[in-house]
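Take a look at the structure set out below.
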Amino acid sequence: MTDIFTSKLSKSYEDVLAVDSLDLRINGEIYGLLGPNGSGKTTTVSMLTTLLSPSSGSAQICGHDVTTEPKAVRKCISYVPQYMAVDIRLTGRENIDFYAKLYGIRDKTERKRRVNYALDIMDLNERADDLTKTYSGGMQRRLELAQALTHQPKVLFLDEPTVGLDVIARKMIWEHISNLKKSGITIFVTTHQMEEAERYCDRVGILKKGVVIKEGTPSYLKSALKSIITIKSDGKMPNILPDNVDFIGNENGSVVYASDNGADILPSLIKKYDEAGIHVYSSMVRDPTLEDIYLMSVGTEAADTEQFNRAQIRRIIMKG
Amino acid sequence: MYRFATYVWRDTIRWKRAPLNVLSTLVMPATWLIFMGLVMPVKYDNYLDFVTPGILVLTMLTSSLGAGSSIMFDKTLGYLNKFLALPSPRESILIGKIVFITIRGLLQSTVILIISILIGATIYPISTYIGMYLLLTLFGISISALGTTVALYLDNHDSYAAFQAFVSMPLYFASTALISLDEMPTALRYIAEFNPLTYAIDGLRDIAKGIIPTFSICFLIILAILIMIICSWKFRSITIG
């Protein structure tokens, strides 16, 4: 049985197609859904977690259909939304106990055992009886993961799990997520953090305007590109590029190009700069990263979807 | 359905641990009572006895409308989405909210009843108080369900606050809280006769006189059932859509 299975899953809002014919097969892995704002990530997660009903197509979680058996789906999943929502006037332990009760664990001893286990796994034991408002962002996120673990889910949905956290807290969260996978949980995560996705996800899908345009292991996706050239100049780029060189985007004030063979092509590229009268400060050839693949796939027009995203979020909030 | 009690537990702890909230919910109605009961010019034998039901219902009204802002908080801060993805029955979120808010309103009512006795209101037999609590519970359920329904339709706190202000004061002044129906200007009386607050307040006054207010009770039961039906329908439609 596939833990997450979707077939032609689509969602439209009025005249906008937010998610378009999504086909996913996810099992026993960390799957990262990447995409710019408004590409349909949150809509996808909302449909898979039974918060939104699909306009067409179907989705099954642990073999249960999200539309016809939503309760069975909710029994085998846990969902941690993007914006942190822990009760700050409750202690860490109370926050987890609250969820354990809602998950229907009525036996007191069993509940205590599960709560302690969740606290243990997320390294929250020492501060378990402090009010959550004294927790750091990273600890609050870990507390949310602990809440999600009390009913031993088969599938865990995480919407932007490291947003707003510092580097150390991010690393810690991802290490916990990796450990959860080892214990047999399938993890579906949406993220903007390419380097995190590259490092921790087994497979990623790149979503653009509701369509998965690339899918595979990070190394497989990267193998499509041979090398990356970055050139720092006085800000402009030549109108004419050598053959086999593609413009990808901008990165820290440098222009980024992709090419099959960067080292060989670099001199001719610099020559184009010279011909255009642009001064090159520095140039570099390196191996591609997932971020390069992402930028190449979604393109620079991604920023245009900001307005749609806002409307979409508003709608989701209104819909509760 | 026992899980609604878990939501009640959560709201109670959150409320208890914010001392300022507790203080304001308890002191506010007491202030109203003292001002209205003692400061207003006395035309009645015991104006305090006349005005206490009005203050009780006003307190229940403001308190119960708080159910809407509470669910609005859960909605905008992301709690609601987390709750909706849980396997526990979704209606228990709604019932938990209404039960918590109604209990909190009854607590406030108790404070008012105690203070009213301390400053000179008549002490009734225990059965009268039981009747009063039953009526206030019915009223509390109706209004908190109404507040919740409206909050589910609106999308931010500002609009809900506007609704609250728009509804509570006119309803209050166009009721029999401060003045009886016979003494009202005709125009106001027409509004007051259709105002649920009037039924709750006059019902309480009848109970105090030892009369069972059958009509008020029926009216409030029907109102509570109607609003609960609309509320759960709306709740279902937003959570499945």
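Values reported hereafter were calculated over all heavy atoms of this structure, with side chains retained and with hydrogens, waters and symmetry mates removed. Residue numbers begin at 1 in each chain, while the letters A, B, ... track the order of the sequences.
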Where B:Arg10 and A:Asp87 come nearest, the two heavy atoms and their spacing: NE-OD2, 2.9 Å

Contact leader toward chain B among A:Pro81, A:Pro70, A:Gly104, where contacts are heavy-atom pairs under 4.5 Å: A:Gly104

OH/B:Tyr172: more than 12 non-hydrogen atoms of other groups inside 6.0 Å: yes

Residue among A:Lys71, A:Arg89, A:Met84 with most heavy-atom pairs under 4.5 Å to chain B: A:Arg89

In terms of heavy-atom pairs under 4.5 Å, which option from A:Leu102, A:Leu131, A:Asp97 contacts chain B the most? A:Leu102

For A:Tyr79 against B:Lys82, the heavy-atom pair lying closest together: O-CG, 4.2 Å

Quick check on the interface: out of A:Gln147, A:Glu144, A:Glu94, who has the most heavy-atom pairs with chain B under 4.5 Å? A:Glu94

Nearest heavy atoms of B:Arg17 and A:Thr91, plus distance in Å: NH1-N, 4.0 Å

Taking the side chain as every heavy atom from C-beta outward, state whether A:Leu90 and B:Arg14 have any pair of such atoms under 4.5 Å apart. yes

Non-hydrogen atoms of A:Val86 and B:Tyr79 that approach each other most closely: O-OH, 3.0 Å

To the nearest 0.5 angstrom, please state how far the NZ atom of A:Lys101 sits from the OG atom of B:Ser88. 13.0 Å

Interatomic spacing from OG1 in B:Thr6 to CZ in A:Phe98 - rounded to 0.5 Å: 7.0 Å

How far apart are the closest heavy atoms of B:Leu84 and A:Leu51, and which atoms are they? CB-CD2, 3.4 Å

Quick one: sort the B:Phe83 and A:Tyr99 rings into parallel, tilted or perpendicular, breaks at 30° and 60°. tilted

Assess whether atom OH of A:Tyr117 is packed by more than 12 heavy atoms of other residues, nucleotides or ligands within 6.0 Å. no

Less than 4.5 Å to any heavy atom of chain A: does that hold for the side chain of B:Leu77, its backbone, both, or neither? backbone

Among B:Ala18, B:Gly78, B:Ala85, who wins on heavy-atom pairs under 4.5 Å with chain A? B:Ala85

To the nearest 0.5 Å, how far apart are CG in B:Asn81 and CD in A:Gln82? 11.0 Å

